[in-house]
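To keep things clear, I will list the structure first and then write my remarks on it.
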Amino acid sequence: MSKFFYLETFGCQMNVVDSEQIVDLLQAGGYRPVEDPENADLILLNTCSVRDKAERKVYGHLGRFKPLKQRRPDLIIGVGGCVAQQEGERLLQKLPFVDLVFGTHNIHRLPEMVAGAQRRDRRAETQFLDRETRKNLFPERSTDGNITRFVTIMQGCDNFCSYCIVPHVRGREISRPSADILDEVREMADRGVREVTLLGQNVNSYGANEPGELSFAQLLHEVHEVEGIERIRFTTSHPKDLSDDLIRCFGELPKLATHLHLPVQCGSDAVLEKMNRGYTREEYLDKVQRLKEACPDIRLTSDIIVGFPGETEEQFEQTLTLMEKVRFADVFSFLYSRREGTAAADLEESLPPQRKQERFDRLLTLQQAISTGIWQQDVGQTLPVLVEGESRQKGELFGRTTWNRIVHFEADSSLIGRIVPVRVIASMKNSQRGELPASVEPMRRTG
Ligand code: 5AD
Ligand code: SF4
């Protein structure tokens, strides 16, 4: 009789990709997914600890499963990801209904740990692995009909931004061999994938620690050659490592989407230095200028932290003026959240929470006005859209423009997987509405 698993994923794209690997491993072991934890024999949470809110969510959700375990003692409950990495054994001690804890380098051990838990062997595996072992453990994932896929090209991070827990919970930066990446991309293209997003904490430093390896710009050129791949994205980019070669790629590679997520974090030099970001406001603005010269159509998005310890009103306003200068299409903004074990955890936070929130709200208001202005420009334009699948609304499809905006439009499913021209007729907060022109010719190599 087959067994059922329920998996919940929190946090970033890295976790989404890790969860895909978890699904593959469990399915290979005879488990099938279910949507309702009530029906599961195995419940897993893939967790995130990048900010306090994400971490609290994990504990909240775990609590929900306690009564299930009381009713069905054979149910296995496991925790993976960044909270698991950080807490390890402590999670088993604090939460007696949890059976297994697997850290960020131990996903491949999950089947063996589940088998152990069935024998009542409660375990936490959180050891970091050495570079060579990790290079061979980059997951190859099954692609089952998807049009867009993530491809992990590196793991970990060496940057140690002072506020960030990631290097502590995901370990040192390693780059996956380019030959393996290209093999996976080719295999995906053969199975119908049309868009790949190359994924890493800081893709711009791809290959930097590997003698003889391609640079990130060179890797992009190679991926661009893969027949069948029509669009390429990558995330995340660290501004300090954004090379001239990479900037040129936006003008040179037609399949490369003209969108770049380039987290700035804040607009004040003094705060950037305390954050250990490795660039100044001017250097950031200079790179933005050069990107716009290389590719006038490019749209940028960013991450910004509000209320870093010691941030003054004036420093905060420098973030606002930077936003006005760059005109990001979207900004993901976060209230600073103290993370135990990071360098910034030792800095004193003197800003009262309501002042921090007030700054956050001002930033949001400004960004909403900028975003609305930018997305409204699309209305009336006919844009190439890579069609990804059927919308929830019957008879409708959805896809994305080069700027990663979702567009819904009426069409039949034969267009899935193609880049088609769609006329944008309305722009909402999170998506756009479009319509097909009278006759649809596929658009190729248009990004
Ligand atoms: N507090 C607030 N935001 C944070 N981020 C990372 N660490 C913290 C923290 N301690 C944000 C950064 C990063 C994004 C993924 O999360 O903006 O780019
Ligand atoms: Fe965290 Fe900085 Fe690494 Fe990004 S580059 S994961 S913000 S330490």
Side-chain angles (χ1 to χ4, degrees), residues 8-16 18-19 44-66 77-95 98 101-104 124 126 156-157 159-171 201-202 236 261 263-266 268 271-272 274-277 302-312 315-316 319 330-364 367:
E8 223 171 302
T9 306
F10 299 83
C12 63
Q13 284 141 341
M14 209 54 89
N15 269 15
V16 171
D18 285 348
S19 281
L44 293 176
L45 256 57
N46 190 6
T47 64
C48 172
S49 61
V50 75
R51 289 174 296 274
D52 188 41
K53 223 169 154 182
E55 197 171 338
R56 275 203 311 258
K57 249 192 197 166
V58 170
Y59 282 97
H61 280 231
L62 271 170
R64 269 172 43 208
F65 303 132
K66 189 178 169 184
I77 299 180
V79 186
C82 297
V83 176
Q85 183 64 44
Q86 228 173 322
E87 294 293 302
E89 285 281 346
R90 277 198 301 269
L91 260 174
L92 292 182
Q93 285 156 14
K94 276 200 262 186
L95 305 175
V98 170
V101 174
F102 57 104
T104 53
T126 53
C157 182
N159 287 308
F160 289 93
C161 301
S162 64
Y163 51 82
C164 185
I165 196 72
V166 168
H168 306 269
V169 289
R170 289 204 169 256
Q201 305 295 346
N202 175 18
T236 294
H261 184 63
V264 64
Q265 310 299 0
C266 88
S268 140
V271 178
L272 283 169
K274 280 204 254 173
M275 287 179 163
N276 191 30
R277 288 291 286 174
S302 205
D303 292 345
I304 292 179
I305 297 176
V306 177
F308 186 80
E311 181 192 71
T312 64
Q315 289 165 343
F316 170 67
T319 298
D330 268 317
V331 164
F332 301 90
S333 45
F334 309 103
L335 289 168
Y336 169 75
S337 152
R338 183 178 173 278
R339 306 283 72 200
E340 201 61 64
T342 62
D346 297 335
L347 302 175
E348 199 195 331
E349 283 188 78
S350 48
L351 195 68
Q354 66 274 30
R355 294 277 310 283
K356 200 161 142 185
Q357 186 63 45
E358 180 228 336
R359 284 183 190 172
F360 186 84
D361 294 342
R362 280 163 66 198
L363 186 144
L364 221 58
Q367 186 53 41

- Message: Salt bridge check, R51 against E55: does any charged N sit closer than 4.0 Å to a carboxylate O?
- Response: no

- Considering non-hydrogen atoms only, spot the tightest contact between V83 and S49 and give its length. CG2-CB, 3.8 Å

- Query: Any donor and acceptor pair, going by atom type alone, linking the side chain of T9 with main-chain N or O of V16 inside 3.5 Å?
  - Reply: no

- Query: Heavy-atom distance under 4.5 Å between the side chains of K53 and F334, does that happen here?
  - Reply: no

- Taking all atoms of both residues into account, what is the closest heavy-atom pair of A84 and F102, and its distance? CB-O, 3.4 Å

- Message: Pair L95, L62 - check side-chain contact (heavy atoms from CB on, under 4.5 Å), show working.
- Response: CA-CA 9 Å; L95 305 175; L62 271 170; 3.6 Å; yes

- Item | Heavy-atom donor-acceptor pair, D303 side chain to Q265 backbone, under 3.5 Å | no

- Message: Could you walk me through whether T126 and Q85 satisfy the side chain to side chain donor-acceptor pair (under 3.5 Å) test, starting with their C-alpha distance in whole Å, then the side-chain angles of each, then the deciding distance to 0.1 Å, before giving a yes or no?
- Response: CA-CA 6 Å; T126 53; Q85 183 64 44; 4.7 Å; no

- Item | Side-chain donor-acceptor pair present, H261, D330, cut-off under 3.5 Å | no

- Task: Could you check N46 against S19 for side chain to side chain donor-acceptor pair (under 3.5 Å), going step by step and ending with a plain yes or no?
- Result: CA-CA 7 Å; N46 190 6; S19 281; 3.0 Å; yes

- Message: Taking the six-membered ring of Y163 as reference, does the cationic atom of R339 (NZ for Lys, CZ for Arg) lie under 6.0 Å from its centre and within 45° of its axis?
- Response: no

- Query: For G341 and H168, which heavy atoms make the closest approach, and how far apart are they?
  - Reply: O-CE1, 3.4 Å

- Message: Determine whether V79 and T47 satisfy the following criterion, side-chain contact (heavy atoms from CB on, under 4.5 Å), listing intermediate values before the conclusion.
- Response: CA-CA 7 Å; V79 186; T47 64; 3.6 Å; yes

- Show your working on side-chain contact (heavy atoms from CB on, under 4.5 Å) between I165 and C82 and close with a plain yes or no. CA-CA 9 Å; I165 196 72; C82 297; 5.9 Å; no

- Looking only at heavy atoms, the pair that brings C164 and T342 closest together is O-CG2, 3.4 Å

- Message: Check this for me, if you would: do D52 and K57 make a salt bridge, where the nitrogen-to-carboxylate-oxygen distance has to be below 4.0 angstrom?
- Response: no

- Counting only N and O atoms by type, is there a donor-acceptor contact under 3.5 Å from the side chain of Q315 to the main-chain atoms of T312? yes

- Message: Can you give me the closest heavy-atom contact between F65 and L45, atom names plus distance?
- Response: CE1-CD1, 3.4 Å

- Message: Contact between P263 and T236 at the side-chain level, heavy atoms closer than 4.5 Å - yes or no?
- Response: yes

- Query: Can you tell me how far CZ of F360 sits from OG of S333, rounded to the nearest 0.5 angstrom?
  - Reply: 3.5 Å

- Side-chain ion pair, K356 and E311, N-O less than 4.0 Å: no

- Message: I need the minimum non-hydrogen distance between F308 and S162, along with the two atoms involved.
- Response: CZ-OG, 3.5 Å

- Do Y59 and K94 come close enough that some side-chain heavy atom pair is under 4.5 Å? yes

